[in-house]
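This is a predicted model, so every value here is computed, not measured. Labels below follow one simple rule: chain letters A, B, ... track the order of the sequence lines, proteins then strands, and each chain is numbered from 1.
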Number of protein chains: 4
Amino acid sequence: MPDRPVSEFLCPLRAKRARRKEARPGELLQAALDLFVDKGFAATRVEEVAARAGVSKGTLFLYFKTKEELFQAVVTHNIAGLFVQWEQEFLDFEGSTPEMLRYCMRTWWERVGLTQASGITKLILAEGRNFPELADFYRREVVKPGQALIRRMLERGVTRGEFEIDDMDHTLYAVIAPMLFLMLWRHSANACVDAELDPERYLQALSDTVLRGLCTPGARTTLSSPPAS
Amino acid sequence: MPDRPVSEFLCPLRAKRARRKEARPGELLQAALDLFVDKGFAATRVEEVAARAGVSKGTLFLYFKTKEELFQAVVTHNIAGLFVQWEQEFLDFEGSTPEMLRYCMRTWWERVGLTQASGITKLILAEGRNFPELADFYRREVVKPGQALIRRMLERGVTRGEFEIDDMDHTLYAVIAPMLFLMLWRHSANACVDAELDPERYLQALSDTVLRGLCTPGARTTLSSPPAS
Amino acid sequence: MPDRPVSEFLCPLRAKRARRKEARPGELLQAALDLFVDKGFAATRVEEVAARAGVSKGTLFLYFKTKEELFQAVVTHNIAGLFVQWEQEFLDFEGSTPEMLRYCMRTWWERVGLTQASGITKLILAEGRNFPELADFYRREVVKPGQALIRRMLERGVTRGEFEIDDMDHTLYAVIAPMLFLMLWRHSANACVDAELDPERYLQALSDTVLRGLCTPGARTTLSSPPAS
Amino acid sequence: MPDRPVSEFLCPLRAKRARRKEARPGELLQAALDLFVDKGFAATRVEEVAARAGVSKGTLFLYFKTKEELFQAVVTHNIAGLFVQWEQEFLDFEGSTPEMLRYCMRTWWERVGLTQASGITKLILAEGRNFPELADFYRREVVKPGQALIRRMLERGVTRGEFEIDDMDHTLYAVIAPMLFLMLWRHSANACVDAELDPERYLQALSDTVLRGLCTPGARTTLSSPPAS
DNA sequence: AATGAATGAGGGTTCATTCAT
DNA sequence: CATGAATGAACCCTCATTCAT
């Protein structure tokens, strides 16, 4: 059953307009996300956000009192429970941990890296200092659960005798860093990277390298035949 | 013994002014670095830079024609200028390539990562798109030489039979990404990282991991006894 | 009956604002013309233009993207736009060419010379070098069409056997120079002219002199009875 | 006997420097004239004037309290008794008045039009409104004597039966206007003129036209054989 | 609720003028 | 006298925010 408001059925003529009205904030948030990610907070003009959402500048200020409030809404609105699905997949996974790590990286790329969700990370990194509450929120909702998930994977590998890890805390970041890098690369490529970089191949090369570094001699044999993508 | 120029003792009346004039660019560069890193390029007002350096707005423009030129001078002074030394150290280095890589990462951390210079990278990532000339300059003066240096190190390892590298382009980024990560971590710590992260230990763990991934079986034995930091 | 739009009567509440909006560009153009002519282009501050038109600085930039564009609009509105009418009058004119020339000079005086538009010419002469784009625009929109029109009149005279012209290019300027002179005279009277100069009589004397110089013996008889002004 | 100051002979070592010192104002005035004529008052930077005169910005302000004072000095300094020589030549001239007028125009072009003296006219026209005392001065020293001279030439022609002039006052300007035009053309060519204009030929064509307009039928025969330039 | 015209506080940059040396 | 480093008042233009309609 659709979640449209009752009023719509009472007065069908008003339906479309009413629904648009309720959709406004969402359209504005989407437009703002695109622009903030692309141009940063300072360089994004509210007028452009409004135009992209198909409304006038004044209307935007009906929904968001200031530009800063809009920015905060953009970030909070786009940070959702991204990790529910992964949690389940982690529990259900039956293969080897290297495979699991590979799988996880690949799906992360598809679900986050490639989508606009990765733009939020860029935003937080770029503007976080000026929005401390946002940064806290992000850490609580994204950083913590994400790190916990990866940590559990690494621990699974150790437990199963597949990985050899001296310093868990920092090995963790050896996995995270490249993903962060890829997100930034997507949104700031012009500034950072010179050569052509193929994210998929990069992920492949990366997991090869990292895994060779992590794996115990026995487990390393598995790596010689990586599953075809 | 102070390092004031001799002329000062010959003509003490001119001392104060002359010394100020010579010191100006440095003071301005320092003030600019602080503010650029703290607030970003767009949000930093030149007047504030001038004020922090103890001069008026007009004076700043005596030394730097535009805000962009000021930024470029900051980059040159704090990062780009370091490559000369690294180049030389690379040529003079006589140890094994894994050691070289470790040494390079450690000095990079001391000279860039730990200093405010690392904030420049964050700034470029955040605002590069809005200031294409800045991004171009940064890429030309920092990214290119930096990547070239690392690439030559990796190639040295391959040549000497110490490294086994399938995909040079992407392995390159496997080295760069963690350093980038550390820089971002320092300047967006509140946003990214939850646990305490000790950069030195992280670098150690990282190079262990990466090097174990890179090294040929023979060379790997070297890794067991890392040089005392 | 006033020429207010009908919509105003349908929605009187919107009247004042709407009318103001439509009138703005005109008010701004008038204010700009006054100030440009009085103080020159460089010395005129846009804020003063806005103030004279009764709006704020920002409002001016809603209608004209830059100060230069404002100037171009002033030129178009006050001079360049007049050539359409002159072109038509030229095509429709049925009298002799000497009469045509006289008529053209007189209307030029009424429509440009007497109005503040003539101050634009002085401005271009004084500042054209410093604002090449303005000079280019003026030449394209005013000088070229104006010269073309006069040239066609002179050629018409030659074709009809009324004029005898050895050196067309320079004869052209023999006609233009006095008009230029009159414009300068009006806007620099204190500097140039001592005696009282009656522009109308000057034009009369001028066309007498020039025409006597241009006309073939046969055509010259026509001149003895100039049409009453 | 040279007009160097006595001090120079008392202390020859100081001679060069002293003479330079006395020459300073002149060098500054020359540099300022060039630049004011070229770029106008507002667009001329005092620093550039100083540089062109080979001194520092501060030195300029030792001689001229403000930029405006410099401008006024430039104009007054360059307006001299230009008409003494012409007066004499007028009295000595023995040919026909048309020849005299031609001669006068040609020498005017050589002595004024082609030299920087014509720049002063442009300056007065362009900036006169903002410097009323200067304009008065110019009118008294230049405009009045110049007009008187021409008027006397025209009257000579009438007296000798060579010219037929209905309206002396305005015919006067028929002669002046083209000369004014030529001066402006030289200093604002880019703004005004499209085609190539050869001043010498223009003066020729002009005097032909004007003279044909002025001359009585009898005198006109003289014009058929203009003296070779 | 929606509009978009209007505002005005800055921001980067220039340059006449001052003044310590 | 001469210098040139330093100043700060403007200037053009932008854009978040307001408010009459």
Side-chain angles (χ1 to χ4, degrees), chain A residues 17-18 20-21 24 42-51 54-70, chain B residues 11-18 20-22 24 42-50 54-70, chain C residues 11-18 20-22 24 42-50 54-70, chain D residues 17-18 20-21 24 42-51 54-70:
Chain A
R17 187 166 151 165
R20 288 204 75 193
K21 191 178 97 181
R24 281 282 147 71
T44 294
R45 281 175 298 132
V46 291
E47 185 156 30
E48 208 178 344
V49 174
V55 299
S56 75
K57 199 168 27 166
T59 303
L60 187 150
F61 283 94
L62 291 177
Y63 292 97
F64 305 96
K65 235 173 325 214
T66 68
K67 192 186 181 186
E68 295 213 352
E69 191 174 285
L70 171 64
Chain B
C11 179
L13 291 176
R14 196 158 286 177
K16 187 180 150 207
R17 187 139 177 165
R20 291 198 81 189
K21 199 230 145 152
E22 282 159 26
R24 257 337 158 228
T44 294
R45 281 171 292 133
V46 290
E47 187 158 23
E48 207 178 344
V49 174
V55 299
S56 75
K57 193 167 37 162
T59 301
L60 187 149
F61 285 96
L62 289 180
Y63 295 94
F64 306 97
K65 253 184 311 244
T66 66
K67 192 185 184 186
E68 294 213 350
E69 192 174 283
L70 172 64
Chain C
C11 180
L13 291 176
R14 196 159 286 178
K16 188 180 147 205
R17 186 139 178 165
R20 291 199 80 189
K21 198 231 146 152
E22 282 160 26
R24 269 308 177 243
T44 294
R45 280 170 295 132
V46 290
E47 187 157 23
E48 206 179 343
V49 174
V55 299
S56 75
K57 192 168 34 167
T59 302
L60 187 149
F61 287 96
L62 290 179
Y63 295 94
F64 306 96
K65 254 185 308 243
T66 66
K67 193 186 183 185
E68 294 215 351
E69 192 174 283
L70 172 63
Chain D
R17 188 168 148 162
R20 288 205 74 194
K21 191 178 98 184
R24 282 283 147 70
T44 295
R45 280 175 299 132
V46 291
E47 184 156 30
E48 209 179 342
V49 174
V55 299
S56 75
K57 201 168 24 167
T59 302
L60 187 149
F61 283 94
L62 291 178
Y63 292 96
F64 305 96
K65 234 172 328 212
T66 67
K67 191 187 181 186
E68 295 212 352
E69 191 174 286
L70 171 65

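- Under the side-chain hydrogen bond (donor to acceptor under 3.5 Å, both in side chains) criterion, B:Thr66 pairs with no residue, sequence neighbours left out.
- To the nearest angstrom, C1' of F:dC13 lies 13 Å from CD of C:Glu68.
- Pairing for E:dT21 goes to F:dA2, judged as Watson-Crick or G-U wobble with the two contacts each under 3.5 Å.
- Summary of the strand contacts: B:Thr44 and C:Gly58 both lie near DNA chain E, and taking for each the nucleotide with the nearest heavy atom, the more 5' one is attributed to C:Gly58.
- Across the protein-nucleic acid pair, C:Lys65 atom NZ and F:dC15 atom P stand 14 Å apart, rounded to whole Å.
- In terms of heavy-atom proximity, C:Leu60 sits nearest to C:Val46 at CD1-O, 3.8 Å.
- Here E:dT7 presents its P atom at 12 Å from CD of C:Glu47, a figure rounded to the nearest Å.
- Comparing B:Leu62 and C:Thr66 by the nucleotide of DNA chain F that holds the closest heavy atom to each, the one mapping nearer the 5' end is B:Leu62.
- The distance between atom CZ of A:Arg45 and atom C1' of F:dC13, rounded to the nearest whole Å, is 13 Å.
- For B:Thr59, the side-chain atoms get nearest to F:dT7 when compared with the rest of F:dA16, E:dG11, F:dT7.
- Residue contacts for C:Val46: at a heavy-atom cut-off of 4.0 Å it reaches the sugar-phosphate backbone alone, with no base atom in range.
- In this structure, the CD atom of C:Glu69 is 14 Å from the C1' atom of F:dC12, given to the nearest Å.
- The minimum heavy-atom distance between C:Thr44 and C:Lys67, with the atom names listed, is O-NZ, 2.9 Å.
- Rounded to whole Å, the distance from CG on C:Leu60 to C1' on E:dT7 is 13 Å.
- F:dT14 atom P lies 15 Å from atom NZ of A:Lys67, rounded to whole Å.
- Listed pair D:Lys57 / F:dG4 fails the phosphate criterion, with no side-chain N or O lying under 4.0 Å from OP1 or OP2.
- Across all strands shown, F:dC15 pairs with E:dG8; the Watson-Crick or G-U wobble distances both stay below 3.5 Å.
- OP1 and OP2 of E:dA5 both lie 4.0 Å or more from every side-chain N or O belonging to C:Tyr63.
- Minimum heavy-atom separation, B:Ala50 to B:Ser56: CB-O, 3.5 Å.
- Across every non-hydrogen atom of B:Glu69 and B:Lys65, the tightest pair is OE2-N, 3.1 Å.
- E:dT13 and F:dA10 make up a base pair, with Watson-Crick or G-U wobble contacts both under 3.5 Å.
- For E:dA1, there is no paired base (Watson-Crick or G-U wobble, both distances below 3.5 Å).
- Remark: D:Ser56 is in phosphate contact with F:dT3, judged by side-chain N or O atoms under 4.0 Å from OP1 or OP2.
- Rounded to whole Å, atom P of E:dA2 lies 13 Å from atom CZ of A:Phe64.
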